[in-house]
Number of protein chains: 2
Amino acid sequence: MNQPITAADKTFIALRDDIVEGRIEAGSKLSETELSTKFAVSRAVIREAINRLESCHIVERKANVGARVVALSPQGLIELYQVRESLEGMAARLAATNMTDQEIADLGALLQSHFDEVKGGESYYQEAGDVDFHYRIILGSKNKHLISMLFDGIYHLVRMYRVQLGMAGPRVTTAYDEHKHIVQAILNRDAELAEMLMRRHILYSKNSIEHKLS
Amino acid sequence: MNQPITAADKTFIALRDDIVEGRIEAGSKLSETELSTKFAVSRAVIREAINRLESCHIVERKANVGARVVALSPQGLIELYQVRESLEGMAARLAATNMTDQEIADLGALLQSHFDEVKGGESYYQEAGDVDFHYRIILGSKNKHLISMLFDGIYHLVRMYRVQLGMAGPRVTTAYDEHKHIVQAILNRDAELAEMLMRRHILYSKNSIEHKLS
DNA sequence: ACTTGCTATATTGTCGACAACTTAGTGTTA
DNA sequence: TAACACTAAGTTGTCGACAATATAGCAAGT
């Protein structure tokens, strides 16, 4: 679903963004009738949107009771990063084998542009840039399941945590070095090393976040 | 959803089983009206079931066109096992830390019962036993996302491949030894080793399957 | 006062009908 | 003959109404 077609698509995305960006607060109940008036669509559309959100683990549903936005907890964030470490590590491993030379070259160029920004003192693009970097490596794995799990599931949840626990981009400069080494490993087609470095990279990121939370 | 409550729950499970067990063939189109008469429920219920199946990657939907059962391919199976290797490796790692002594003891007992069966020449329980073993380790990770991704998503797909590509339980005896070593690593609370062994175990399993397919 | 059971209300689950879209088929034109 | 436009049939998307279930409030009894 690169671009929304049906009303259910649009409602799903709008509702997801409302939740991820915190305009609908974590843990709150989602009333179908209320949402159907708010978005000016029928309850059937709302129900489909909520069902999809449940598949993303953004809301939880109980039969005959209703849906609630998931509650955020430090433990939840840690679990999320454990899954990220696992999946993105594998993605980096596969990317080292499956990315085309052109894709790797583009990735290097992206990294260079990040370096220029960081050197120039701009931190604005920092998070978007980080996401873009990971994005490309995940795509580079060429593994459908991996891509879908991370993009459709994990990443929105990670973003939800980031926004709501209020953590603007940390670790700009060190993260840049880590990114550089990962690209180098992929360039060398060293799958083993690429996976290790990516796992470390995410582990450090997790530790940094844990530190901020305590 | 441990036990189905609503009609949509039951229909989802029934439809999923029909697909996984091959009674609805891979790649075929799912007509909403047709299914609604077959299961004697309204189209709304069928649509919800199909939506859930889409989330599991068991069917693919295109807007205004319809849903098809996914097509099976050797490449698809390989990708699935890559994800399994990644996630279950992490599960074993976490299980080594998070399982209680009691849970580990139970796991050891389960393994012993498998040994007795294998020694007794019974191969009937082999697949169920293998699933049960992995099941417990995944639960032992205590990681909600990991558990849900594997049980709700990957495992049904793996089973679909197994059934439809017609591979009854392979590697009984060697798999037993691998299981034994994994339990030993968990017992020693050696997270690093537990992950490695689990990854190897699944990798071997993948190689065995690839060999059968060629 | 506390529990129990009923009732009223509100919410979710299910249904059948209509609207919007896709696609296959037909006929027309260059 | 090939390409295009249009029509008609069938499928999916959306809607509003009804049925089933859960919850809160009140009443009655111990």
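Order of the sequence lines fixes the chain letters, A, B, ..., with proteins taken first and strands second; residue numbering starts at 1 for each chain.
No side-chain donor-acceptor contact under 3.5 Å links Asp17(A) and His156(A).
Residue contacts for Ala7(A): at a heavy-atom cut-off of 4.0 Å it reaches the sugar-phosphate backbone alone, with no base atom in range.
Looking at every heavy atom in both residues, Ile186(B) comes nearest to Ala194(B) through CG1-CB, 4.1 Å.
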Review point. Would His145(B) and His57(A) count as a side-chain hydrogen bond (donor to acceptor under 3.5 Å, both in side chains) if you check the C-alpha gap in whole Å, the side-chain angles of each, and the deciding distance to 0.1 Å?
Key: CA-CA 8 Å; His145(B) 299 282; His57(A) 302 269; 4.8 Å; no
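Classification of Arg200(B) and Glu178(B) as a salt-bridged pair fails, no side-chain N sitting under 4.0 Å from a carboxylate O.
Asp9(B) places its CG atom 14 Å from the C1' atom of dT21(D), with the value rounded to the nearest Å. A straight line from CD1 of Ile50(B) to C1' of dT11(D) spans 12 Å, rounded to a whole angstrom. Following rounding to the nearest Å, Glu48(B) (CD) and dG13(C) (P) show an atom-to-atom distance of 7 Å. Ile46(B) places its CD1 atom 12 Å from the P atom of dG16(C), with the value rounded to the nearest Å.
Side-chain nitrogen and oxygen atoms of Ser42(A) include none within less than 4.0 Å of the OP1 or OP2 phosphate oxygen of dT14(D).
Here the side chains of Ile78(B) and Gln82(B) are in contact, with some heavy-atom distance below 4.5 Å.
Checked against a 6.0 Å centroid threshold, the rings of Phe151(A) and Tyr135(A) count as neighbours.
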Please tabulate the protein-to-nucleotide N/O contacts below 3.5 Å involving nucleotides 10-12 of chain C, giving atom names and distances.
unit_1: dT12(C); atom_1: OP1; unit_2: Lys29(A); atom_2: NZ; d: 3.0
unit_1: dT12(C); atom_1: OP1; unit_2: Leu30(A); atom_2: O; d: 3.4
unit_1: dT12(C); atom_1: OP2; unit_2: Glu32(A); atom_2: N; d: 3.3

